[in-house]
Chemist: 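Here you go, one structure.
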There are 2 protein chains.
Amino acid sequence: MAKSNSNKTGKIQSVDRALTILEVIADSDDGLTLAQIAERMELPKSTVHGLISTLRDHKYVKQAEEDGRYLLGIHLFELGTRLARSWDIRDAAKPAMRWLSKEFGETVHLGCEENGEVLYLDKIAADSLVTIVSDIGARLPMHCSGIGKALLAHKSDAEIRRHIANLGLAPLTGRTITKADELMKELEKVREQGFALDDGEIMEGLRCVGAPIFDADGIVRYAISVSGQVKDLYGKRLERLIIETQKAAKEITYALKKGRVQSK
Amino acid sequence: MAKSNSNKTGKIQSVDRALTILEVIADSDDGLTLAQIAERMELPKSTVHGLISTLRDHKYVKQAEEDGRYLLGIHLFELGTRLARSWDIRDAAKPAMRWLSKEFGETVHLGCEENGEVLYLDKIAADSLVTIVSDIGARLPMHCSGIGKALLAHKSDAEIRRHIANLGLAPLTGRTITKADELMKELEKVREQGFALDDGEIMEGLRCVGAPIFDADGIVRYAISVSGQVKDLYGKRLERLIIETQKAAKEITYALKKGRVQSK
DNA sequence: AAAATAATTCGATATTATCGATTGATTGTT
DNA sequence: AACAATCAATCGATAATATCGAATTATTTT
């Protein structure tokens with residue numbers, strides 16, 4: 001499965017290939033040998049070798065000492081964290097997220113949309129032994145998560161329809177909304193209520209409350225969510241969680257306006 | 001200040017240049033224009049443009065909407081976090097770090113050596129409003145930090161001497177150890193004690209206790225540290241912190257042995 | 001010890017990156 | 001409002017450079 005080298009603009013072939021190598025390695029569980037990478041990219045080994053040596057010299061790739069297989073390199077960690085540090089939204093959101101997590105003892109996420117999916121930008125993990133939910137930097141579908149629905153709900157109907165047409169509505173559990181019209185209705189509700197509820201739509205037994213964060217222009221750019229097990233989130237406690245999650249999102253919206261805006 | 005293109009191995013020029021562009025952008029505070037990048041790399045703008053467009057297509061770089069200046073792209077965040085997730089050490093260390101942070105209400109770091117410097121791999125921040133200390137992914141010198149001294153102390157004398165010769169002993173505060181012999185003595189003490197104390201050597205008023213973590217082969221690969229203000233860390237409380245930090249490091253060493261070892 | 005599979009090096013070839021000049025778009029100035 | 005200046009983006013001729021298959025070296029397996 002080689003990435004197509006669809007050259008829209010004047011791309012530099014070797015750079016394009018080198019970056020694709022990184023993606024191929026990232027998609028593997030535990031690194032790949034040179035031969036495996038060459039096979040997947042449908043390129044001669046020597047070509048891949050030249051590219052990957054250059055990546056290694058810059059620490060974008062490292063070789064396992066045992067065998068010589070290639071893994072992602074430490075420099076990606078450094079650049080990724082440096083980028084994350086530049087986002088004002090994280091600082092703006094941190095205090096409210098901390099408070100929420102501590103108050104309810106649950107896991108709090110901060111996310112944004114990235115290419116039609118939810119991307120987790122930050123996370124305050126609950127102390128509980130099992131943290132079922134996803135990690136920073138992970139992606140998940142928009143139509144079945146608290147953050148995703150909160151983000152999606154504030155788009156125009158046309159945009160939502162387009163999103164559905166492009167990405168589809170994959171069922172992750174039996175509760176996932178898979179019909180377009182049903183999702184439209186649900187999102188209208190989300191918009192009116194001011195919060196989104198994911199009730200086992202992404203994973204059975206997992207409940208999740210999401211609320212939107214507006215940037216200085218009044219556009220929804222981010223959302224937070226609080227996730228926990230259904231057995232812990234119901235009735236009065238759930239009601240209070242909903243209220244507090246919305247409050248927190250509003251606080252973050254405010255904090256974001258105050259600081260200079262350095263968008264993601 | 002262009003990076004020299006010292007071609008040791010058969011490097012691919014365009015890839016080498018593209019990666020250097022990322023470094024140049026990362027070194028800037030708030031992104032750079034094409035012209036600025038071209039100037040720093042001593043390359044024609046059109047050359048840089050081709051390379052950087054390719055980086056942009058892969059989301060390793062993004063362009064600010066306002067002006068067209070170039071910033072690091074979201075994909076670096078995704079790759080960096082994916083890499084971080086693959087490190088067993090983080091999972092192994094997390095519980096003990098959490099406990100330490102909660103017990104003392106201070107900030108706990110996990111770090112390793114990377115190219116003669118301490119690289120922070122993880123952090124549990126104290127709830128306190130001001131978090132003075134560094135962030136995940138940041139680097140700092142080895143000779144004046146708790147983690148750094150713990151790591152350095154368990155190398156051979158020859159290696160330590162070489163480290164000093166290569167990197168020097170820059171004084172960050174008036175308390176920083178800047179004489180080689182003095183540092184050798186200090187590290188011997190660290191080795192004997194089993195912990196390292198940074199007493200305002202990196203920043204006035206900041207105290208920090210570090211302890212080494214051994215991998216399955218008995219080599220020191222990581223270290224943790226607890227940092228706080230001098231006014232909070234002294235006397236009985238400091239004594240107890242030292243004991244608990246060492247305990248935590250031992251626990252992590254043990255946890256690391258149990259799991260399969262996926263080194264950084 | 002031999003066979004097999006890995007990464008790495010080599011050198012001829014023409015594909016492809018490079019570079020200066022030009023264009024187009026945007027911002028700031030008089 | 002027109003001009004000047006500055007920026008990114010485009011173009012096309014040129015030769016420098018990435019590419020590729022074959023050969024080599026290193027490591028592991030039988």
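Here is how names work: the chains are called A, B, and so on, in the same order as the sequence lines, proteins then strands, and each is numbered from 1.
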Chemist: Tell me, with the steps shown, if B:R90 and B:R85 meet side-chain contact (heavy atoms from CB on, under 4.5 Å).
Modeler: CA-CA 8 Å; B:R90 291 182 121 212; B:R85 257 177 279 152; 5.6 Å; no

Chemist: Relative to each other, are the rings of B:Y120 and B:H109 parallel, tilted or perpendicular (30° and 60° limits)?
Modeler: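 Plane angle under 30°, so parallel.
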
Chemist: Does a nitrogen or oxygen in the side chain of B:Y70 sit under 4.0 Å from OP1 or OP2 of D:dA9?
Modeler: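 Yes, because at least one side-chain N or O of B:Y70 sits under 4.0 Å from OP1 or OP2 of D:dA9.
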
Chemist: Considering just the side-chain nitrogens and oxygens of B:Q13, establish if one lies under 4.0 Å of OP1 or OP2 belonging to D:dA16.
Modeler: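 For B:Q13, the contact criterion (side-chain N or O under 4.0 Å from OP1 or OP2 of D:dA16) is not met.
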
Chemist: Roughly, in whole Å, what's the span from CD1 in B:I52 to P in C:dA17?
Modeler: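 Value for this atom pair: 17 Å.
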
Chemist: Under 4.0 Å between any heavy atoms, over every strand shown, what does A:S46 touch: base, sugar-phosphate, or nothing? Just pick one.
Modeler: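 Here A:S46 touches the bases of the nucleic acid.
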
Chemist: Closest to the B:S14 side chain: C:dG20, D:dT19, C:dA17?
Modeler: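 Closest nucleotide among those given: C:dA17.
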
Chemist: For B:I12 and C:dT16, what is the distance between atoms CD1 and C1' respectively, to the nearest whole Å?
Modeler: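 Roughly 12 Å, once rounded to whole Å.
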
Chemist: Please confirm whether the shortest side-chain N or O distance from B:Q36 to OP1 or OP2 of D:dA8 is below 4.0 Å.
Modeler: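 No, because none of the side-chain N or O atoms of B:Q36 sits under 4.0 Å from OP1 or OP2 of D:dA8.
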
Chemist: Could you check how far CD1 of A:I21 sits from P of D:dT19, rounded to whole Å?
Modeler: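 A:I21 atom CD1 is separated from D:dT19 atom P by 9 Å.
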
Chemist: Looking at A:T47, does any N or O in its side chain come under 4.0 Å of the phosphate oxygens OP1/OP2 on D:dC20?
Modeler: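 Indeed, a polar side-chain atom of A:T47 lies that close.
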
Chemist: Whole angstrom is fine here: how far is it from CD in B:E42 over to P in C:dC19?
Modeler: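 Result: 12 Å.
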
Chemist: Nearest heavy atom decides the nucleotide; on that basis, is B:V15 or B:L32 closer to the 5' end of DNA chain D?
Modeler: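 The residue mapped nearer the 5' terminus is B:L32.
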
Chemist: If you compare every side-chain N and O of A:R56 against the phosphate oxygens of C:dT8 (OP1, OP2), does one of them come in below 4.0 Å?
Modeler: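 Result: yes.
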
Chemist: Which of the following nucleotides, D:dA18, D:dG21, D:dA8, is nearest to the side chain of B:Q63?
Modeler: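 My answer, after comparing the listed nucleotides, is D:dA8.
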
Chemist: Output the rounded distance in Å from CG (A:L43) to P (C:dT15).
Modeler: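 Between P of C:dT15 and CG of A:L43: 16 Å.
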
Chemist: Tell me the interatomic distance from B:I37, atom CD1, to D:dT6, atom P, rounded to whole angstroms.
Modeler: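 Taking atom P of D:dT6 as the reference, CD1 of B:I37 is at 19 Å.
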
Chemist: Strictly below 4.0 Å, N to O, side chains only: are B:K59 and A:E114 in salt-bridge contact?
Modeler: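 Yes.
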
Chemist: What's the shortest heavy-atom distance between A:L22 and A:L72, and which atoms?
Modeler: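 Smallest interatomic distance, heavy atoms only, reads O-CD2, 3.8 Å.
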
Chemist: Ignoring hydrogens and angles, tell me if any N or O in the side chain of A:T54 forms a donor-acceptor pair with the backbone of B:K11 under 3.5 Å.
Modeler: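 Not confirmed, A:T54 side chain does not pair with B:K11 backbone.
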
Chemist: Whether A:H49 contacts C:dA7 is assessed here as follows: a side-chain N or O lying under 4.0 Å from the phosphate OP1 or OP2. Is that the case?
Modeler: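 So the side-chain polar atoms of A:H49 never come under 4.0 Å of the phosphate oxygens OP1 or OP2 of C:dA7.
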
Chemist: Choose from C:dC10, D:dA8, C:dA7 the nucleotide whose nearest atom is closest to any side-chain atom of B:K45.
Modeler: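 Taking heavy atoms from C-beta onward, the closest nucleotide is D:dA8.
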
Chemist: Tell me: CD of A:E39 to C1' of C:dA6, nearest whole Å?
Modeler: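 Rounded to the whole Å, the gap is 14 Å.
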
Chemist: Establish, with yes or no, whether the OP1 or OP2 oxygen of C:dT18 is under 4.0 angstrom from a side-chain nitrogen or oxygen of B:R17.
Modeler: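 Indeed, a polar side-chain atom of B:R17 lies that close.
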
Chemist: Nearest whole Å is fine: how far is C:dT26 P from B:D67 CG?
Modeler: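 Going from CG in B:D67 over to P in C:dT26 covers 13 Å.
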
